[in-house]
Protein chains: 2
Amino acid sequence: MTTREGARGPYRTGIERRRQIVEKAIDVFGAYGYTGGSLRQIATEVGVTPAALAKHFASKEDLLIEVLRYWEESNRRVEPDPDARGLTAIEANKAVMAAHLQRRGFLELFLTLSVEATGRSHPAREFVTARYTNTLAGFARHIAEAVADGEIAPLSAEQIEAEARSLIALMDGLELQWLLDPGMDLVGTFATQLDATIERWHDIAARG
Amino acid sequence: MTTREGARGPYRTGIERRRQIVEKAIDVFGAYGYTGGSLRQIATEVGVTPAALAKHFASKEDLLIEVLRYWEESNRRVEPDPDARGLTAIEANKAVMAAHLQRRGFLELFLTLSVEATGRSHPAREFVTARYTNTLAGFARHIAEAVADGEIAPLSAEQIEAEARSLIALMDGLELQWLLDPGMDLVGTFATQLDATIERWHDIAARG
DNA sequence: GTCTATAAATAGATAGAC
DNA sequence: GTCTATCTATTTATAGAC
């Protein structure tokens with residue numbers, strides 16, 4: 001099932017090909033969307049014929065699923081310390097943003113698929129909505145932990161959800177701006193804004 | 001050039017058809033992207049043949065340009081009072097968000113094209129980047145006005161740009177969340193966050 | 001495991017009848 | 001102003017040789 005460093009035998013080249021195809025699919029789907037990107041282009045850029053690609057993946061949708069799996073696994077490697085809690089976990093997102101800078105293709109894929117999957121019957125819709133739900137729940141949990149640990153002032157459950165949604169929105173929106181204008185200071189802008197937000201959380205109660 | 005209410009003569013039905021096609025193109029391009037959406041689908045949903053559509057628009061890209069023009073004109077009608085300045089102009093964006101709720105197709109088109117135009121050679125790239133630049137400049141100008149009028153504490157030019165970028169990112173990101181989950185309180189979440197941001201601007205100097 | 005060849009569907013675009 | 005008919009190119013997907 002998983003790729004082993006020293007894998008031998010007839011499977012080795014096959015596994016490597018699959019990985020090549022999936023990596024190229026990330027770029028192509030990221031650049032042109034899932035509907036807009038073609039298997040032909042992926043195959044050509046990898047250096048094989050569309051027929052060879054079809055032997056590895058039964059259908060275009062099958063390839064998309066593999067891309068999503070690969071993406072999740074890579075993300076798990078970027079997302080740091082799952083044991084972090086409270087403000088420590090929130091602030092770790094600065095590093096996540098910095099990591100995203102290193103793989104533009106992933107970022108394009110994420111935003112392209114998110115927007116594309118807005119449509120009712122998109123094959124990635126369930127995946128995207130589930131991922132959003134998980135991300136939102138994670139942010140909300142970390143904020144709640146910060147409240148429980150006395151790191152910030154008390155917040156209602158509704159406030160916590162709104163703050164979590166807003167932080168995610170900020171990250172997505174800034175990343176979109178960076179894709180359109182790679183010259184902007186993505187990491188710095190987010191870090192400053194996150195610091196200001198946490199500052200605000202400190203004395204939110206003092207203002208009523 | 002422009003549509004007149006009581007237009008008579010041989011042009012009337014033609015003008016009406018063009019408008020129908022452009023409106024449907026907004027839905028289709030919004031749902032499937034520009035590359036993903038087909039002229040066939042647009043024509044079929046309007047109730048004409050692709051050939052008839054080709055008589056109105058020389059090419060697919062020509063239709064896209066008309067869609068963008070139509071979009072800009074409609075936005076000009078939503079965006080209120082161009083004379084508003086400072087915090088008044090910033091807060092008017094609450095109404096803009098509420099207006100966006102009424103036309104999901106426009107919102108999908110905006111986000112879909114923005115992400116899609118991230119690619120180097122997309123026909124809408126220039127339009128999208130120009131629109132972003134203009135929006136950013138407008139937000140920055142209004143914040144600078146608020147500073148000049150003494151509505152908020154002083155901010156450096158760099159701070160103003162970062163705050164403007166962050167507000168735009170917040171709006172885009174929240175709108176994306178709403179597209180994925182229409183049950184969320186888009187207007188309320190944004191209004192609360194904007195109020196908190198303005199509150200923060202009031203005493204940003206007091207904290208260093 | 002990859003190839004050539006090809007099927008079947010769909011894309012954007014054009015020609016000419018009415 | 002819209003139609004039918006058609007062209008060329010491209011799409012996903014399959015069959016069978018090597």
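A note on names: the letters A, B, ... follow the listed sequences, proteins ahead of strands, and every chain is numbered from 1.
- Between the side chain of B:D62 and the backbone N or O of B:A58, at least one donor-acceptor pair lies under 3.5 Å.
- Using a 4.0 Å heavy-atom distance criterion, A:G37 is classed as a sugar-phosphate-only contact.
- Within the 4.0 Å cut-off from OP1 or OP2 of D:dA13, not a single side-chain nitrogen or oxygen of A:R40 is found.
- Comparing B:G47 and A:S59 along DNA chain D, the residue whose closest nucleotide (by nearest heavy atom) sits nearer the 5' end is B:G47.
- The pair A:D27-A:R104 does not meet the salt-bridge criterion, since no charged nitrogen lies less than 4.0 angstrom from a carboxylate oxygen.
- Residue A:D62 contributes atom CG, which lies 13 Å from atom C1' of D:dA13 at whole-angstrom precision.
- Using a 4.0 Å cut-off between charged nitrogen and carboxylate oxygen, B:E45 and B:R40 do not count as a salt-bridge pair.
- Computed from coordinates, the B:K55 NZ to D:dT4 P distance equals 14 Å when rounded to whole Å.
- Rounded to an integer number of Å, the gap from A:E16 CD to C:dT2 C1' is 16 Å.
- Rounded to a whole Å, the CG atom of B:L64 is 13 Å from the P atom of C:dG12.
- Put simply, CZ on A:F29 is 12 Å from P on D:dT11, counting in whole angstrom units.
- OP1 or OP2 of D:dT12 sits under 4.0 Å from a side-chain N or O of A:K60.
- Ring pair B:W71/B:F127: centre-to-centre distance below 6.0 Å.
- Atom CG in B:L39 sits about 6 Å away from atom C1' in C:dG12, given to the nearest Å.
- In this structure, B:F57 places its CZ atom 18 Å from P of C:dA11, rounding to the nearest Å.
- No donor-acceptor distance shorter than 3.5 angstrom exists from the side chain of B:K60 to the backbone of B:S38, with no hydrogens or angles considered.
- Nearer the 5' end of DNA chain C, as judged by each residue's closest nucleotide, is the contact made by A:P50, out of B:E61 and A:P50.
- Here C:dC3 is the nucleotide among C:dC3, D:dT2, C:dT2 with the atom lying nearest to any side-chain atom of A:A51.
- Atom CD in A:Q41 sits roughly 15 Å away from atom C1' in D:dA9 (whole-Å rounding).
- In this structure, B:S38 reaches the C:dA11 phosphate: one of its side-chain N or O atoms is under 4.0 Å from OP1 or OP2.
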